Amino acid sequence: MKKRYILLLLCAIFILTGCGNTKTLTCTSIDESSALKKYSTLTIEVKENKIDDMRFVVDIIFPEEYQYQRQSMINEIKTSKPYMQAILINNGIRLITEDKNNSFIGIPTDQEITYNELKEVLELQDYTCK
């Protein structure tokens, strides 16, 4: 009987504290102010008020007259930023960065930040978040 109450108590504690609670924040940004168009998508997992996982995808669309530069840009990125994946897409390139247990947007991932605080920071940087 005591084991049953202890088990129920532990379950209640886990439910009330949100243990293992992970929220995913997805934010997008569009920059069409120059000849190169940039479409960015951030997907960030926040677990127990810490950034647990982050994926940053940027599609850069080139105007017709710069299409020939796509491969040289990919080669340069692969050399200078080996942590970043760069691939050809229609009319442009896609850059993918995945980050775990490091630092993102100047916030160390071991620093406490809530889902809502992170959302506010990104929206101040002109991202649209949901």
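Both backbone and side-chain heavy atoms feed into the values below; hydrogens, waters and symmetry mates do not. What you are looking at is a predicted structure, and each value in this text was computed from that prediction instead of being measured.
To the nearest 0.5 Å, atoms CG (Asn21) and CD (Glu48) are separated by 8.5 Å. Atoms CG and CE, from Leu118 and Met54 in turn, are 10.5 Å apart once rounded to the nearest 0.5 Å. In this structure, CG in Asn49 is found 10.0 Å from CG in Asn116, a value given to the nearest 0.5 Å.
Under the rule for a side chain to side chain donor-acceptor pair (under 3.5 Å), the partners of Gln67 that lie at least two apart in sequence or sit in another chain are Arg70. With sequence neighbours left out, the side-chain contact (heavy atoms from CB on, under 4.5 Å) criterion links Asp126 to no other residue. Remark: Ile30 engages Glu32, Tyr39 in a side-chain contact (heavy atoms from CB on, under 4.5 Å) (not counting sequence neighbours). Applying the side-chain contact (heavy atoms from CB on, under 4.5 Å) criterion to Gln69, with sequence neighbours excluded, gives Tyr66, Ser72. Applying the side chain to side chain donor-acceptor pair (under 3.5 Å) rule to Ser33 yields the partners Asp31; only residues at least two apart in sequence or on another chain are considered. With sequence neighbours left out, the side-chain contact (heavy atoms from CB on, under 4.5 Å) criterion links Tyr68 to no other residue. Residues satisfying the side chain to side chain donor-acceptor pair (under 3.5 Å) criterion with Gln71, sequence neighbours excluded, are Asn75.
Two residues are said to be in side-chain contact when any heavy atoms from C-beta on lie closer than 4.5 Å; Ile93 and Phe62 meet this criterion. Using a 4.5 Å heavy-atom threshold, the side chains of Lys50 and Glu112 count as touching. Contact annotation: the side chain of Asp53 never approaches that of Thr22 to less than 4.5 Å [non-hydrogen atoms, C-beta and beyond]. For the pair Thr43/Thr24, a side-chain contact is recorded, criterion being any heavy-atom separation below 4.5 Å from C-beta on.
By the rule that hydrophobic residues join a cluster once side-chain heavy atoms approach within less than 4.5 Å of another member, Leu95 and Tyr127 end up as members of one cluster. In the hydrophobic clustering of ILVMFWY residues, with side-chain heavy atoms under 4.5 Å counting as a link, Val57 and Leu36 come out apart. Hydrophobic clustering (side-chain heavy atoms under 4.5 Å, transitive across Ile, Leu, Val, Met, Phe, Trp, Tyr) groups Ile74 together with Val58.
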Side-chain donor/acceptor pairs under 3.5 Å, residues 83-91, sequence neighbours excluded:
none

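Each disulfide (SG to SG under 2.5 Å) pair with one or both residues in residues 59-91, not counting sequence neighbours, would appear here, but there are none. For residues 26-80, every residue pair satisfying the disulfide (SG to SG under 2.5 Å) rule, not counting sequence neighbours, is listed here: Cys27-Cys129. Each salt bridge (charged side-chain N to carboxylate O under 4.0 Å, His left out) pair with one or both residues in residues 71-96, not counting sequence neighbours, appears once here: Asp59-Arg94.
Counting heavy-atom neighbours within 6.0 Å of Lys38 NZ, excluding the residue itself, gives a total of 12 or less.
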CA sep, side-chain torsions, deciding dist, call: Thr114, Val46, side-chain contact (heavy atoms from CB on, under 4.5 Å): CA-CA 7 Å; Thr114 67; Val46 179; over 6 Å; no
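Residues Ala35 and Pro63 come closest through the heavy atom pair O-CD, 3.3 Å.
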